[in-house]
Amino acid sequence: MVKFLDLQKINESFEPGLSKAVSDVVNSGWYLQGEQNRLFEKEYSEYIGTKYAVGCGNGLDALILILKAYIELGVFRKGDEIIVPANTYIASILAVTEAGLTPVLVEPGKDNYQIDIAGIKNALTSRTVAVMVVHLYGCCAYTPEIDIFCKKHGLKLIEDNAQAHGCRFADKRTGALGDAAGNSFYPGKNLGALGDGGMVTTNDKSLAAMVRRLGNYGSGEKYIFDSLGKNSRLDELQAAVLREKLPRLDQDNTRRREIAAMYQRGIKNKMIRLPDAFAKMGESCVYHVYPVMCDDRDELKNHLEKNGVQTIIHYPVPPYRQKCYENKNMLKLPSSLEITDKIHRNELSLPISPVMTDEEVHCVINAVNSFKK
């Protein structure tokens, strides 16, 4: 069986350094807000290219903390609107509603599956305060046109960088392209911890300080609480693990691109639509996921399973159709989300990870090519 993602094999590839990093933290007797956090925040901000990085509990919290920090700073007000892609993972939208703001969903582009500037322009109202771009599947959703639009209308540009560690636009990395970014270190990410973890990256000193305060119960000074915060902190064990993995991230992303190129060259099944737009991005895409589209997606998934290839659907049900949002007053929707619905009906993610062998890649290619309706 070709696993979709062999986390055990990935983590074994970092030994013995990974076990030593964990052991050192255990033996240190200091498990929260210590030296490992300080060093990882410094190293990650330098890698991303921002002045500040603030660790937190997970990627969802990172986005929530950004939005709530802007409210606390008086930049946003409850009920303000955030433009978000409709085909994202639900966390992007949950963050907006959790902060008491209104998600305005827009369609992605048909070919690259990223938020579309035409939809952003159509969604603008007097209540719009920000655009959230989601670097879905590990490809850059940022464009200069989106940046210019945000600046023209006085909007904050927020990045959901959960799936795109190391992704680039020109000479900058995602996570440093907008006003603030939420980063996730869920174990399956390109830079994954051994549990949950998150980070806010920004060049805004006031925002970084407020995010840190809000993630620490609303406290900037011990036992003094100036804001209504929450407990969302990156623990020392996860920081140490991530420090061990960060230096190899670019190398691992290169291997992901090599595998994607093998898929691009090798898959020759007319029933399968490959992410051609990703391939055109070249070195910028880091392929957190390699998504293919098929009108008979469920049949394809079953065929691959029978042929020893494990796959995952990202994602079977779009956020706006989930039960938690059955009250449509929580969201603002366009008249049609035809593109979004089609993506969620047709998308299937093939295995891709830095520890896959060429033999495993060819096994996937052969299984995909043998699929018939």
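These figures come from a predicted structure and were not determined experimentally. Excluded from the calculations below are hydrogen atoms, water molecules and symmetry mates; all remaining heavy atoms, backbone and side chain alike, are included.
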Engineer: How close do Ile267 and Ile365 get, heavy atom to heavy atom, and via which atoms?
Structural biologist: N-CG2, 4.1 Å
Engineer: Roughly how far, to the nearest 0.5 Å, is CD1 of Ile146 from OH of Tyr142?
Structural biologist: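 The OH atom of Tyr142 sits 9.0 Å away from the CD1 atom of Ile146.
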Engineer: How close do Ile64 and Glu98 get, heavy atom to heavy atom, and via which atoms?
Structural biologist: CD1-CG, 3.5 Å
Engineer: Would you call Lys110 and Asp116 a salt bridge, taking side-chain N to carboxylate O under 4.0 Å as the test?
Structural biologist: no
Engineer: Is the shortest side-chain N to carboxylate O distance from Lys9 to Glu12 below 4.0 Å?
Structural biologist: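 Salt bridge: no.
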Engineer: Among the clusters formed by ILVMFWY side chains lying less than 4.5 Å apart, do Tyr287 and Tyr263 turn up in the same one?
Structural biologist: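 Linked, Tyr287 and Tyr263 end up in one cluster.
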Engineer: For the pair Arg212 and Glu41, find out whether any cationic side-chain nitrogen is under 4.0 Å from an anionic carboxylate oxygen.
Structural biologist: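 Counted as a salt bridge, because a side-chain N and a carboxylate O are separated by less than 4.0 Å.
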Engineer: Can Glu81 and Thr125 be counted as having a side-chain donor-acceptor contact under 3.5 angstrom?
Structural biologist: yes
Engineer: Any ion pair linking Lys323 and Glu326 (charged N to carboxylate O, less than 4.0 Å)?
Structural biologist: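 So Glu326 does not pair with Lys323 through a salt bridge.
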Engineer: May I ask you to say whether Glu299 pairs ionically with Lys373, meaning some side-chain N is under 4.0 Å from a carboxylate O?
Structural biologist: no
Engineer: Closest heavy-atom contact between Arg297 and Leu348?
Structural biologist: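 Closest approach of Arg297 to Leu348, heavy atoms only: CG-CB, 4.0 Å.
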Engineer: Under a 3.5 Å threshold, yes or no: a donor from one side chain and an acceptor from the other, between Asn190 and Asp252?
Structural biologist: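 No, because no side-chain N or O of Asn190 sits under 3.5 Å from a partner of the opposite role on Asp252.
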Engineer: Determine, using the 4.5 Å side-chain heavy-atom cutoff (strictly less than), whether Leu191 and Tyr89 are members of one ILVMFWY cluster.
Structural biologist: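 They do not share one cluster, since no chain of ILVMFWY contacts under 4.5 Å joins Leu191 to Tyr89.
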Engineer: Please determine, by modelled atom types, if Asn112 and Tyr137 share a side-chain donor-acceptor pair under 3.5 angstrom.
Structural biologist: no
Engineer: How about CZ on Arg127, more than 12 heavy atoms from neighbouring residues, nucleotides or ligands closer than 6.0 Å, or not?
Structural biologist: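 More than 12 heavy atoms, drawn from other residues, nucleotides or ligands, come within 6.0 Å of this atom.
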Engineer: Is it the case that the side chains of His135 and Thr174 hold a donor-acceptor pair, with the cut-off being a distance below 3.5 Å and no angle test?
Structural biologist: no
Engineer: Is it the case that one hydrophobic cluster holds both Ile158 and Ile120, taking links as side-chain heavy atoms less than 4.5 Å apart, direct or via other members?
Structural biologist: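 No, no single cluster joins them.
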Engineer: Any idea which heavy atoms bring Asn11 and Leu18 closest together, and the distance?
Structural biologist: O-CD2, 3.7 Å
Engineer: So, Glu46 and Lys42, do they make that salt bridge, N to O below 4.0 Å?
Structural biologist: yes
Engineer: Which heavy-atom pair separates Ile312 from Glu347 by the least distance, and what is that distance?
Structural biologist: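 Looking at all heavy atoms of both residues, the shortest contact is O-OE1, 4.2 Å.
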Engineer: Mind checking whether Tyr70 and Phe76 have parallel, tilted or perpendicular rings, split at 30° and 60°?
Structural biologist: tilted
Engineer: For the residue pair Phe185 and Phe40, is the inter-centroid distance of their aromatic rings smaller than 6.0 Å?
Structural biologist: yes
Engineer: So, are Asp276 and Lys280 salt-bridged, with charged N and O less than 4.0 Å apart?
Structural biologist: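 Here Asp276 does not pair with Lys280 in a salt bridge, since their nearest N and O are not under 4.0 Å apart.
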Engineer: Examine distances only and state if a side-chain atom of Asp111 and a backbone atom of Ala277 form a donor-acceptor pair shorter than 3.5 Å.
Structural biologist: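 Side chain of Asp111 to backbone of Ala277: no pair is present.
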Engineer: Can you tell me if NZ on Lys172 sees more than 12 non-hydrogen neighbours from other groups inside 6.0 Å?
Structural biologist: no
Engineer: Filter on disulfide bond (SG atoms under 2.5 Å apart), then keep only pairs touching residues 78-144, sequence neighbours left out; what's left?
Structural biologist: Cys139-Cys285
Engineer: Could you give me the CA-CA distance, side-chain angles and deciding distance for Gln163 and Tyr186, then say whether side-chain hydrogen bond (donor to acceptor under 3.5 Å, both in side chains) is met?
Structural biologist: CA-CA 10 Å; Gln163 298 187 7; Tyr186 179 79; over 6 Å; no
Engineer: For Tyr47, check ring pair (Phe, Tyr, Trp, His ring centres under 6.0 Å) against everything at least two apart and list the hits.
Structural biologist: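 Not a single residue meets the ring pair (Phe, Tyr, Trp, His ring centres under 6.0 Å) criterion with Tyr47.
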Engineer: Step by step, work out the side-chain hydrogen bond (donor to acceptor under 3.5 Å, both in side chains) result for Thr340 and Glu107.
Structural biologist: CA-CA 6 Å; Thr340 292; Glu107 287 273 58; 2.6 Å; yes
Engineer: Give a yes-or-no answer on whether the side chains of Asn27 and Ser23 include a donor-acceptor pair shorter than 3.5 Å.
Structural biologist: yes
Engineer: Starting from Phe14, can I reach Met356 by hopping between I/L/V/M/F/W/Y residues whose side chains sit under 4.5 Å apart?
Structural biologist: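 No, because Met356 and Phe14 fall into different hydrophobic clusters, even though each may have its own neighbours under 4.5 Å.
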Engineer: Quiz question: by atom type and distance under 3.5 Å, do the side chains of Asp6 and Ser353 form a donor-acceptor pair?
Structural biologist: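 On atom types as modelled, these side chains do not qualify, holding no pair under 3.5 Å.
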Engineer: Below 30° counts as parallel, above 60° as perpendicular, anything between as tilted: where do the rings of Tyr113 and Phe278 land?
Structural biologist: perpendicular
Engineer: In terms of side-chain geometry, is the basic nitrogen of Asp196 or Lys189 positioned less than 4.0 Å from the acidic oxygen of its partner?
Structural biologist: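 Result for this pair is no, no salt bridge flagged.
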Engineer: Would you find a donor on one side and an acceptor on the other, under 3.5 Å apart, between the side chain of Asp179 and the backbone of Lys156?
Structural biologist: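 No: the side chain of Asp179 does not pair with the backbone of Lys156.
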Engineer: With a 4.0 Å cut-off on N to O distance, would you call Arg173 and Asp250 a salt bridge?
Structural biologist: yes
Engineer: Which residue is it: Arg213, Glu72, Lys230? I am looking for the one with a side chain to side chain contact (heavy atoms under 4.5 Å, CB included) to Leu65.
Structural biologist: Lys230
Engineer: What class does the angle between the rings of Tyr217 and Phe225 fall in, given that below 30° is parallel, 30 to 60° is tilted and above 60° is perpendicular?
Structural biologist: perpendicular
